[in-house]
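First up is the structure itself, then whatever we jot down about it.
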Amino acid sequence: QVQLVESGGGLVQAGGSLRLSCAASGRTLSSYAMGWFRQTPGKEREFVAAIHWSGSSVVYADSVKGRFTISRDNAKYTVYLQMNSLKLEDTAIYYCNLDYGVGGTHSQQWQYWGQGTQVTVSS
């Protein structure tokens, strides 16, 4: 099994920044993709960003492109999401996820999930 623990969520004003972190532990960790989804009440989980094991391939949702940056530190088994120019509509619970394949933009394509961290953007 793999455990994922997110941190870094909180309350921030519109236009501000936050940095989320997600640390993985458990089963032997090698050659895995990591990513982030988010969810608001009454809506399906929405893809945010994903990064390949090597870091050479990253994918972003159109809604965050140019504002969010995903990165990873394989030595620390950690993925980060730097969120800049935050908007009210970025308010959500953000989930970290891991897949031993290549992941994808659909939640069904990911094997492991964290518990989530709340991000609230205020006006």
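No experiment lies behind these values; they were computed from the predicted model shown.
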Heavy-atom distance under 4.5 Å between the side chains of Leu11 and Ser122, does that happen here?
yes
Any salt bridge (Lys or Arg N to Asp or Glu O under 4.0 Å) pairs touching residues 112-123, not counting sequence neighbours?
none
Side chains of Leu88 and Ser123: closer than 4.5 Å at any heavy-atom pair?
yes
So salt bridge (Lys or Arg N to Asp or Glu O under 4.0 Å) across residues 89-116, not counting sequence neighbours, yields Arg38-Asp90, Arg67-Asp90
Starting at CZ of Arg19, measure out to CD of Gln82 and round the result to the nearest 0.5 Å.
6.5 Å
When you measure from the side chain of His106 to the backbone of Gln108, do you find a donor-acceptor pair of N or O atoms at a distance under 3.5 Å?
no
Measure across Arg72 and Ala33 and return the closest heavy-atom pair with its distance rounded to 0.1 Å.
NH1-CA, 4.0 Å
Would Val102 end up clustered with Val48 when hydrophobic side chains under 4.5 Å apart are linked, directly or stepwise?
no
Show your reasoning for whether side-chain contact (heavy atoms from CB on, under 4.5 Å) applies to Glu46 and Ser63.
CA-CA 10 Å; Glu46 174 192 23; Ser63 58; 3.8 Å; yes
Donor-acceptor check, side chain of Gln118 to backbone of Gly10, threshold 3.5 angstrom: yes or no?
no
Rounded to the nearest 0.5 Å, what separates atom CG in Leu86 from atom CZ in Phe68?
5.0 Å
Flag yes if Tyr77 and Val5 sit in one hydrophobic cluster, no otherwise; membership is Ile, Leu, Val, Met, Phe, Trp, Tyr, and two members link when side-chain heavy atoms are under 4.5 Å apart.
no
Quick one, Gln1 and Tyr112 - any side-chain contact, counting heavy atoms below 4.5 Å?
yes
Ring centroids only, cut at 6.0 angstrom: are Tyr32 and Trp53 within range, meaning strictly under it?
yes
To the nearest 0.5 Å, atom CG of Leu81 lies from atom CH2 of Trp36 at 6.0 Å
With side chains defined as the heavy atoms from C-beta onward, is the minimum distance between Ile51 and Val79 less than 4.5 Å?
yes
Any donor-acceptor pair under 3.5 Å linking the side chain of Thr78 with the backbone of Lys76?
yes
Of all heavy-atom pairs linking Thr40 and Thr91, the shortest is CG2-O, 3.0 Å
Tell me if a side-chain donor or acceptor on Tyr60 pairs with a main-chain N or O of Ile70 at a distance below 3.5 Å.
yes
Do Met34 and Leu4 come close enough that some side-chain heavy atom pair is under 4.5 Å?
yes
Under the side chain to side chain contact (heavy atoms under 4.5 Å, CB included) test, which residues partner Ser25, sequence neighbours left out?
Gln3
With a cut-off of 6.0 Å (strictly less than), are more than 12 heavy atoms of other residues, nucleotides or ligands near NZ of Lys43?
no
Listing request: all disulfide (SG to SG under 2.5 Å) pairs with a residue in residues 73-123, at least two apart in sequence or in separate chains.
Cys22-Cys96
Does Leu20 reach the side chain of Val119, with side-chain heavy atoms less than 4.5 Å apart?
yes
Linked hydrophobic residues, Tyr80 as query - side chain contacts closer than 4.5 Å:
none
If you link ILVMFWY side chains whenever their heavy atoms are less than 4.5 Å apart, which other residues fall into the same cluster as Ile93? By chain and number, please.
Phe37, Phe47, Val59, Tyr95, Trp110, Trp113
Any idea which heavy atoms bring Ser17 and Ser85 closest together, and the distance?
OG-N, 4.4 Å
Starting at CE of Met83, measure out to CG of Leu18 and round the result to the nearest 0.5 Å.
4.5 Å
